[in-house]
Amino acid sequence: MTTGASEGHGGEHAVWVAAAHGLDTMFTLSGAHVFPMYDAAVHAEPPMRILDVRHEATAVFAAEAAGKLTRVPGLAVLTAGPGVTNGVSAVTQARFSGSPLVVLGGRAPANRWGMGSLQELDHPPLLEPVTKVARTVHQVSEIAGAVDEAFTVAASPHRGPVFLDVPMDAFFDKATVGRPSPADRRRTEPDGEALEKVAGLLAGAARPVLVLGTDVWADGAEEAALRFVEDAGVPAVTNGMARGVVPGGHPMLVTKARGTAFGRSDLVVVVGTPLDFRLGYGTFGGKDGAAPARVVHLADSPDQVSQHASLAASASGDLTLVLDGLVRALQRQPHRPDWTAWVAALQDGVAAAVARDQELLRSEADPIHPARIYGELAPRLADDAVVIGDGGDFVSFAGKFVEPRRPGGWLDPGPFGCLGAGLGAAIAARLSRPSAQVVLLLGDGAAGMSLMDVDTLVRHDLPVVMVCGNNSAWGLEKQPMQMLYGYDVAADLAPQTRYDEVVRALGGGGETVTDPAQIGPALDRAFAAGTPYLVNVITDVDAAYPRATFGV
Ligand SMILES: Cc1ncc(C[n+]2csc(CCOP(=O)(O)OP(=O)(O)O)c2C)c(N)n1
Ligand SMILES: [Mg+2]
């Protein structure tokens with residue numbers, strides 16, 4: 001649908017449409033090929049914020065994180081050639097995580113194509129494998145429609161990135177176009193028979209477990225998911241953006257007993273996340289002589305249902321409709337099994353894990369054990385805190401020790417596992433959740449990939465608390481190499497680098513901590529600082545995360 005017709009250049013068309021889709025910010029790094037986007041942002045009513053960063057990866061990571069947090073596709077604007085290629089890893093991360101994202105690239109002018117103008121690169125073939133759609137918009141008159149479609153496609157299940165580039169001559173050109181008004185979101189009904197079958201499997205299960213993943217949040221099904229957990233009485237494990245859907249401390253949250261839950265379950269129902277390495281490729285059960293578990297996969301769209309796992313049942317559609325439909329189908333089952341003993345056993349497992357964790361969380365070890373940082377941080381986090389992980393072992397410890405109390409506040413790199421997303425995600429979090437605590441957890445290795453964008457936090461007055469777990473190593477690679485070869489190379493970083501001094505040099509604040517008793521007070525100063533502030537905690541390189549899988 002379109003409303004009214006207005007004259008403008010290509011950038012104006014793109015900005016009108018982005019604003020109509022709810023956008024108030026573009027993430028970018030300057031280049032003449034995309035000047036029309038800036039001119040349009042400056043003159044828009046109200047103006048669109050231009051959040052200019054120091055590396056295009058940060059721009060795209062920020063737009064991806066904005067998409068994850070707000071559930072409206074984020075917008076990154078990249079200049080032609082190296083601007084676009086610098087953004088490719090972050091686009092790929094969005095593809096792997098199903099994050100709604102629109103990337104608009106500049107492009108060398110069509111009227112000189114083939115003559116060797118600056119940065120003349122045909123981007124879509126590079127982007128095509130890592131996006132839902134990647135194409136060139138050739139005419140100024142097509143920009144509004146193409147951008148409207150890009151936002152719609154990026155936001156439709158299964159979500160992901162869309163890439164468009166616009167030749168410079170078309171971008172600067174003028175046309176009169178109607179302004180598209182975004183189509184209403186359509187919800188796909190799941191197949192009723194498929195839900196009946198899943199309900200039958202649940203009614204016949206003795207030890208069911210529910211797994212909730214990122215798409216539960218992305219699809220807006222967090223309330224339905226909690227209703228399902230509470231009405232059906234199925235214990236749940238959460239991962240990705242679904243962490244917090246079942247709040248930390250909730251009696252049905254058994255993430256801390258996931259080894260027993262997955263190992264002894266006879267029916268695992270996985271919702272909104274792929275059956276990948278994080279979930280043992282969809283093989284569960286078999287612990288202590290138990291039979292293999294049956295597996296049900298519920299996804300936001302048919303192409304997300306696992307092709308490799310052997311499934312007892314599956315369904316796809318809008319995840320609220322799926323989960324509410326399942327509650328009703330379960331109510332129609334003649335027998336509802338009694339899962340009390342199973343749930344109680346898992347709750348005992350959770351209580352035992354919580355008790356075991358206490359020792360590490362309070363560790364007085366010197367050098368500092370990374371767990372102690374979370375012993376200090378977790379009690380200081382408000383319910384609406386946004387916690388971002390960018391690193392190896394340091395972030396794995398966070399996954400173990402930080403249990404969010406609300407959904408949509410946990411940002412990890414997802415299955416693509418790309419280091420360097422941290423500063424971009426922190427920028428987006430600060431903008432999307434203006435009054436919430438924003439905490440960025442950085443491995444020292446990861447910190448090196450995006451720390452220069454503290455400059456962006458400072459220039460745009462975006463206070464963020466950064467905590468660097470500084471073990472002077474690429475820890476998550478050092479330990480496996482030791483295990484495999486008995487030695488390691490390319491794994492050590494300079495000892496005790498003062499990343500806090502880097503932040504201070506860029507206009508923020510920070511301090512280095514070597515005494516476990518000083519972590520808490522340093523965090524209090526960081527939260528009170530009102531500026532970007534990095535607490536650089538020197539940790540024990542030998543305190544490796546106890547890992548069951550390396551993801552292959
Ligand atoms: C872009 C990118 N490069 C390399 C890797 C491989 N990798 C995964 S974890 C890791 C080590 C991270 O080190 P650090 O951030 O210091 O965290 P630590 O494990 O030491 O706590 C590396 C190099 C990756 N995941 N992403
Ligand atoms: Mg490290």
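Both counts, for ligands and for their atoms, begin at 1 and track the order of listing.
The distance criterion of under 3.5 Å between nitrogen or oxygen atoms is not met by G391 with respect to ligand 1. Residue N471 has at least one N or O atom closer than 3.5 Å to an N or O atom of ligand 1. Not a single N or O atom of C418, backbone or side chain, sits closer than 3.5 Å to an N or O atom of ligand 1.
Residue A473 touches ligand 1 through its backbone alone, judged by heavy-atom distances below 4.0 Å.
In the model, D453 has a side-chain atom that pairs as donor or acceptor with a side-chain atom of T456 under 3.5 Å. Side chains of D165 and H33: a donor-acceptor N/O pair is absent below 3.5 angstrom, by distance only.
Nearest protein neighbour of atom 21 (O) of ligand 1, counting heavy atoms only, is F394 N, 2.9 Å. Scanning all protein heavy atoms for the shortest distance to atom 23 (C) of ligand 1 gives W474 CE3, 3.4 Å. Protein heavy atom closest to atom 25 (N) of ligand 1, with residue, atom name and distance, is G417 O, 2.8 Å. With respect to atom 3 (N) of ligand 1, the closest heavy atom belonging to the protein is M449 CE, 4.0 Å. Distance from atom 14 (P) of ligand 1 to its nearest protein heavy atom, with residue and atom name: G445 N, 3.6 Å. A446 N, 2.9 Å is the protein heavy atom nearest to atom 15 (O) of ligand 1. Scanning the protein heavy atoms around atom 6 (C) of ligand 1, the nearest turns out to be E477 OE2, 3.2 Å. Nearest to atom 4 (C) of ligand 1 among the protein's heavy atoms is L419 CD1, 4.0 Å.
Metal site remark for the Mg ion (ligand 2): N470 contributes no N, O or S atom at a distance under 2.8 Å. Taking backbone and side-chain atoms together, A473 has an N/O/S atom less than 2.8 Å away from the Mg ion (ligand 2).
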Walk me through it: do T28 and Y38 pass the test side chain to side chain donor-acceptor pair (under 3.5 Å)?
CA-CA 9 Å; T28 192; Y38 303 162; 2.7 Å; yes
Start with the C-alpha distance between Q479 and Y545, add both sets of side-chain angles, then the distance that settles side chain to side chain donor-acceptor pair (under 3.5 Å), and finish with yes or no.
CA-CA 9 Å; Q479 305 301 338; Y545 186 78; over 6 Å; no
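Between K478 and D488, at least one side-chain N (NZ, or NE/NH1/NH2) sits under 4.0 Å from a carboxylate O, which counts as a salt bridge. A salt bridge does not link E128 with R95: every distance from a Lys NZ or Arg NE/NH1/NH2 to an Asp or Glu carboxylate oxygen is 4.0 Å or more. Between E403 and R243 there is no salt bridge, since no side-chain N of the basic residue sits under 4.0 Å from a carboxylate O of the acidic one. Using a 4.0 Å cut-off between a side-chain N of Lys or Arg and a carboxylate O of Asp or Glu, R459 and D455 qualify as a salt bridge. A salt bridge links R380 with D524; the closest basic N to acidic carboxylate O contact falls under 4.0 Å. Looking at R159 and D219, a side-chain N of the basic residue comes within less than 4.0 Å of a carboxylate O on the acidic one, giving a salt bridge.
If you number the atoms of ligand 1 from 1 as listed, the ones under 4.0 Å from a heavy atom of L476 come out as 9 (S), 19 (O). With ligand atoms numbered from 1 in the order given, ligand 1 contributes 14 (P), 15 (O), 16 (O), 17 (O) to contacts under 4.0 Å with heavy atoms of G443. Here is the list of ligand 1 atoms found below 4.0 Å of a heavy atom in D393: 18 (P), 19 (O), 21 (O).
Within 6.0 Å of CD on Q358 lie more than 12 heavy atoms contributed by other residues, nucleotides or ligands.
In summary, the aromatic rings of H369 and F397 are positioned with their centroids under 6.0 Å apart.
At a 4.0 Å cut-off, not a single heavy atom of G469 sits close enough to ligand 1 to count as contact.
Looking at D444, its N, O or S atom nearest to the Mg ion (ligand 2) turns out to be OD1.
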